[in-house]
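We name chains A, B, ... by the order of the sequence lines, and we start the count at 1 in each one.
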There are 2 protein chains.
Amino acid sequence: MPTTIRDISKETGLSLATISKYLNGGNVLPENREKIAMAVEKLHYEVNEIARSLVTKKTRTIGVVVYSVECAFNGSFIHYVNNILSEKGYGLLICDSSNDEKKEAANIKFLLNKKVDGMIVTPVSNNTEFLKPAKTAEVPVVLVDRALKSSEFDCVKIDNRTTAMDAVNLLIKNNHQKIAIICSAKEYTGIERYKGYRDAMSQAGLSVPASYQKKGIHAMEYGYESMKQLLKLKDRPTAVFMTNYELTLGAVMAVNESSEVNCPEHISMLGFDDLILAHVIQPRMYMVVQPVKEMGEKAVEQVLRRIAGNDDVSCEINMNAHLKRGNSIKMLA
Amino acid sequence: MPTTIRDISKETGLSLATISKYLNGGNVLPENREKIAMAVEKLHYEVNEIARSLVTKKTRTIGVVVYSVECAFNGSFIHYVNNILSEKGYGLLICDSSNDEKKEAANIKFLLNKKVDGMIVTPVSNNTEFLKPAKTAEVPVVLVDRALKSSEFDCVKIDNRTTAMDAVNLLIKNNHQKIAIICSAKEYTGIERYKGYRDAMSQAGLSVPASYQKKGIHAMEYGYESMKQLLKLKDRPTAVFMTNYELTLGAVMAVNESSEVNCPEHISMLGFDDLILAHVIQPRMYMVVQPVKEMGEKAVEQVLRRIAGNDDVSCEINMNAHLKRGNSIKMLA
DNA sequence: GTACAAAGGCGAAACGTTTCGCTTAAAAAT
DNA sequence: ATTTTTAAGCGAAACGTTTCGCCTTTGTAC
């Protein structure tokens, strides 16, 4: 049997209330303070967080649910969130939705049952219905990445549309006109980035044939297949914009496999998210880089603020992405 | 206030004990069963896992502590472990040791405080002192990957030495004689793989100059720097064996950056762990592949067995790695 | 020296479950 | 018809904390 606060009480002759006060930093006579410390030492006492949680209704645990841990953005994101949170003595309960809305809803319920103090979520889709139980349980939620502006939840994200416009404009400035896009069309982020592409193109007076618009799912395989198809077109694009990390990887694979087409000689590429992989591939990719670390920091900050009871209005934190230079884009004449 | 078992009791006129029995699948009259179900529905009752844990002393949560979430092996491993565990209704509390033994020890204590039912650990070093608290708390631990054979804990791993020997022998069979190694020398896995290399070389009657043995840390940067140095040698090796994923990536980077040296033309490479990155790099790498998924399955299986109270003798599960063909190795004349 | 405030301590109740031992009613066996 | 077994239900205690309201002691100001 592990020692309890009661054993400490017996050992010191002090009451439970006093021991508890000591443990929580209350006022205790130096003399008694000493006594308790010795007893704790002697009996190897450790507070039982479960019992504590039962009465305080705080678990010092944050739930993190991501659309897929396999997507590198989430892996990286979890890494940073974990770092900050563990420093503050918080635990991290991680759930993977595997891009499945049903699973996502189940994850929320699961975490609610586990009584997490708050949640950080990168959602599967832009349907936030699944968050209702958290709302009614009054557990704060911060949405990240695929976060909806219109939602009633806090969120931290980049301005996907503008960011994508800037990216495409870079290609246009390099005199590209036949610009294709490979994006995911199932969730907010992908859709917004697509809109940015569309707007940039029309602003520049450039039209885009349907065959240049690959709108699919967020997966390396889709990036690979799409790029293969683009390369086969009679009227091949001179540049391709990939709107997330996995799509970028797939596209690079496809180009690498081709013996005829070379990057940037025959095709220019602009990718998304400068995660570890990007350092190893040739040529060095031109990339849109999201500030993953900072996004993690902001998300943690915000969820902790809510937990502390700070009831300011629902807030939307916008971060800036930036372009990282590479040599995957060719300046056309 | 969320509804409790007491509310259900009031609503149905049945005792707490009966409600509890119902919740845990005991014998309850169909009639009462119905009544309770209706009350649960009506009052939106959800069991409070915290209170339950306090009395059952089970949290249905497994702690996973990895030497670094940034290392891809761990990311992949966590993914699989999470999948299985969530299916069984278990939560996953994840801790990152950042390759720091102090942090690792703190993580164990943290998880013990959180009262996890068991732990799965990929340790920082081969010093298992830090696991003592888990031992005394009688919380089962399964070591993975960098697991010590000699330890008093369950473990699942590959036979690192033999696997490395096989790998090096492949190079030898391709008539390579000047074979270098880039490995980490701080932990069990790296040391064992190095030994396999050394043994294979001496069995073949090949000697290895010190300059061919890069023994450092488990980091992409180290792989990069080491390969750079190897390429600069007057008597350059014809083949290099990298003993983990991050080292492999770094080495590939270095070769890719070189304008003179080409793989496999001028240098052959044999890497470790076929994680996502490996699909994107050129040339397609010859790889030693660990069965990450199966290792996760076995680890979960074993920790759950222990939790169930199965006190068979300490067990060591050995898995087989295999070689994945690529075109990064040149057959010498 | 009186009044008052502040500090330190205490007992008991509460948090929301499970479980133990007991009782009763119904069913089965004799 | 009587006994035995089984099923179903109940009350109360337990899990290990925190917290509330109250009491005592000590110190301080006038």
Rounded distance (Å) that lies between atom P of C/dC15 and atom CG of A/L16: 18 Å
First encountered from the 5' end of DNA chain C, between B/R52 and A/S15: A/S15
Selection from D/dC10, D/dC15, C/dT17 that lies nearest to any side-chain heavy atom of B/V47: C/dT17
Rounded interatomic separation in angstrom, taking CD1 from A/I50 and P from C/dA14: 23 Å
Spacing between A/I5 atom CD1 and C/dC10 atom P, to the nearest angstrom: 13 Å
Sugar-phosphate only, base, or nothing, as touched by A/K21 at under 4.0 Å among non-hydrogen atoms: base
Side-chain N or O of A/T4 closer than 4.0 Å to phosphate OP1/OP2 of D/dG16: no
Of the listed nucleotides D/dT18, C/dT18, C/dC20, the one nearest the side chain of A/S20: D/dT18
Upstream residue (5' side of DNA chain C) when A/T18 and B/V55 are each assigned their closest nucleotide: A/T18
A/T122 side chain to A/N74 side chain, donor-acceptor N/O pair below 3.5 angstrom: yes
Salt bridge B/E301-B/R305, side-chain N to carboxylate O under 4.0 Å: yes
Under 3.5 Å side-chain donor-acceptor pair for B/E46 and B/N48: no
Phosphate contact (D/dC15 OP1 or OP2) by A/N48 side-chain N/O below 4.0 Å: no
Under 4.0 angstrom between B/N27 side-chain N/O and D/dA7 OP1 or OP2: no
OP1 or OP2 of C/dT18 under 4.0 Å from side-chain N/O of B/K58: no
Side-chain N,O (A/Y45) to OP1/OP2 (D/dT17) below 4.0 Å: yes
Any side-chain donor near an acceptor of the partner, B/T61 and A/K114, under 3.5 Å: yes
Presence of A/R6 side-chain N/O under 4.0 Å of D/dG16 phosphate oxygens OP1/OP2: no
